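Both ligands and their constituent atoms are indexed starting at 1 by order of listing. Nothing here was measured: the structure is a model prediction, and the numbers come from that model.
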Amino acid sequence: MFAGMAHAASPYRLFDLALVRLCELTHSLSRLTFHGPDVSQMATHAPDQRIKIFFPDAAGRPAALPDRPDWYAVYRAMPPQTRPVMRTYTIRHLRPQAGEVDIDFVLHGEAGPASRWAIRARPGDPVQFVAPNRAHVGEVGGYEWKPTTGTRHVLLIADETALPAVSGILESLAMQPSPPSTQAFIEVGDTDDIMDLPTWPQLDLAWLPRSQSTDGRPPMVAALHRARLPATKAAAATNALPDVDIESQILWDLAAPDDAGFYAWIAGEAASVLAIRHHLVTERGMDRRSLNLMGYWRRGRALADSL
Ligand SMILES: Cc1cc2nc3c(=O)[nH]c(=O)nc-3n(C[C@H](O)[C@H](O)[C@H](O)COP(=O)(O)OP(=O)(O)OC[C@H]3O[C@@H](n4cnc5c(N)ncnc54)[C@H](O)[C@@H]3O)c2cc1C
């Protein structure tokens, strides 16, 4: 994810931060605001800009990776038992002048070290980020929301881990003079996880609480028959899907939009996203080049320390 690091104006760099504020957005989503002396040098390039966060150890000792181009080699060289926990999150807001950055954390319980840390976090607690470097000139990557100017129909499917990105995507679309027709399906735990999001006349937004699921399937999968899709089907020969073993690989299929007008951004639990991939491409003949399909987490497994 963060290939191609070099120093000074490298695409990504290490940032030392401390938690300054917490705000409960919904029952299971909390906004944590971090401050750091170098946040003025941080950048974000899209609403789904991903970063890595390093958390303190169980005794509260901060991660102390060096802000050097070889930080990842240093990290990998540490014995696994002393390596700081590293997880992927989305920059929700960046306020460089105030030196602040917001991350929205899903509080899914104590089983994951990141969620456990966020549940217990207090102002002053230290973290480190690997995030885009404002001083870098050129493309940095680390985001997939890349609709073309010809996009007139957007499909968004997400669970709560991708809700921070989808909130930002909807905000950016709502600000357009003529926003595209957009259908959004957002799976959450319960009705108290529903939050206010921007709206416009051509936005069809459906909240899908798991608590109301009736057939045992993840609601983002069960709702697919309601997805409005373009009539044009892809030629089967160009649309073959490679197998992805979600127990050992990260599902990360990226769109290569050709200005055909339709663009989909889909992220969440990997088995759900895999089922959506099968439905859209194999059963309904959607051109896979219009689809971003991203496994943000895998039920029963920690997606630990890969970039
Ligand atoms: C590009 C990208 C952007 C992301 N952005 C965000 C973000 O902005 N906010 C956010 O909260 N998450 C985000 N995630 C998801 C987050 O990285 C994972 O949920 C991560 O596993 C959390 O780490 P953990 O230490 O809490 O749990 P882990 O140690 O990774 O997992 C421990 C256990 O918890 C389970 N688990 C993990 N996540 C969840 C969950 N959400 N609900 C229920 N069980 C879970 C795992 O299956 C495992 O059994 C993003 C992921 C990616 C790839």
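Near Gly300, with a cut-off below 4.0 Å to any heavy atom, the atoms of ligand 1 are 46 (C), 47 (O), 49 (O). Listed by atom number, the atoms of ligand 1 under 4.0 Å from Phe105 heavy atoms are 11 (O). Within ligand 1, the atoms closer than 4.0 Å to a non-hydrogen atom of Arg50 are 1 (C), numbered from 1 in the order shown. Listed by number with element, the atoms of ligand 1 under 4.0 angstrom from any heavy atom of Pro164 are 8 (O). The Arg298 neighbourhood of ligand 1 comprises atoms 46 (C), 47 (O), with distances under 4.0 Å to a heavy atom of that residue. The atoms of ligand 1 that sit less than 4.0 Å from any heavy atom of Arg301 are 46 (C), 47 (O), 48 (C), 49 (O). Proximity to Ser115 (heavy-atom distance under 4.0 Å) selects the following atoms of ligand 1: 26 (O). Every atom of ligand 1 is numbered from 1 in the order shown, and the set under 4.0 Å from a heavy atom of Ala114 is 23 (O), 24 (P), 25 (O), 26 (O).
Here atom 11 (O) of ligand 1 lies nearest to Val106 when heavy atoms of Ile119, Ile250, Val106, Thr161 are compared. Relative to atom 33 (C) of ligand 1, the option among Ser167, Ser28, Ala111 with the closest non-hydrogen atom is Ala111.
Between the Arg134 side chain and the Met42 main chain, a donor and an acceptor come within less than 3.5 Å of each other. Remark: the backbone N or O of Asp102 is not paired with any side-chain donor or acceptor of Arg21 at under 3.5 angstrom.
Side-chain contact check for Asp193 and Trp207: no donor-acceptor pair (N or O, by modelled atom type) lies under 3.5 Å. Between the side chains of Glu283 and His279, at least one donor N or O sits under 3.5 Å from an acceptor N or O. When only modelled atom types and interatomic distance are considered, Gln128 and Asp16 share a side-chain donor-acceptor pair under 3.5 Å.
Of all the heavy atoms of Asp159, none lies under 4.0 Å from any atom of ligand 1, so neither backbone nor side chain is involved. Counting heavy atoms closer than 4.0 Å to ligand 1, residue Glu160 contributes nothing at all. At a heavy-atom distance under 4.0 Å, only side-chain atoms of Trp297, from C-beta outward, approach ligand 1. Heavy atoms of Arg116 found under 4.0 angstrom from ligand 1: none, in either backbone or side chain. Proximity of Pro113 to ligand 1, defined as any heavy-atom pair under 4.0 Å, is shared by backbone and side chain alike. At a heavy-atom distance under 4.0 Å, no atom of Phe55 approaches ligand 1. At a 4.0 Å heavy-atom cut-off, ligand 1 touches Arg299 through the backbone alone.
Salt bridge status for Arg31 with Glu24: absent, with no side-chain N to carboxylate O gap under 4.0 Å.
Clustering of Ile, Leu, Val, Met, Phe, Trp and Tyr by side-chain heavy atoms under 4.5 Å joins Val20 with none of the others.
Evaluation of the ring pair (Phe, Tyr, Trp, His ring centres under 6.0 Å) rule for Tyr143 yields no partner, not counting sequence neighbours.
Residue His27 qualifies as open at atom NE2: its count of foreign heavy atoms under 6.0 Å is 12 or below.
Residue Trp252 has no N or O atom closer than 3.5 Å to an N or O atom of ligand 1.
Evaluated for a ring pair (Phe, Tyr, Trp, His ring centres under 6.0 Å) with Phe129, the options Trp71, Phe34, Phe55 yield exactly one hit, Phe34.
For the pair Arg87 and Tyr89, the cation-pi test (distance below 6.0 Å, angle within 45°) is failed.
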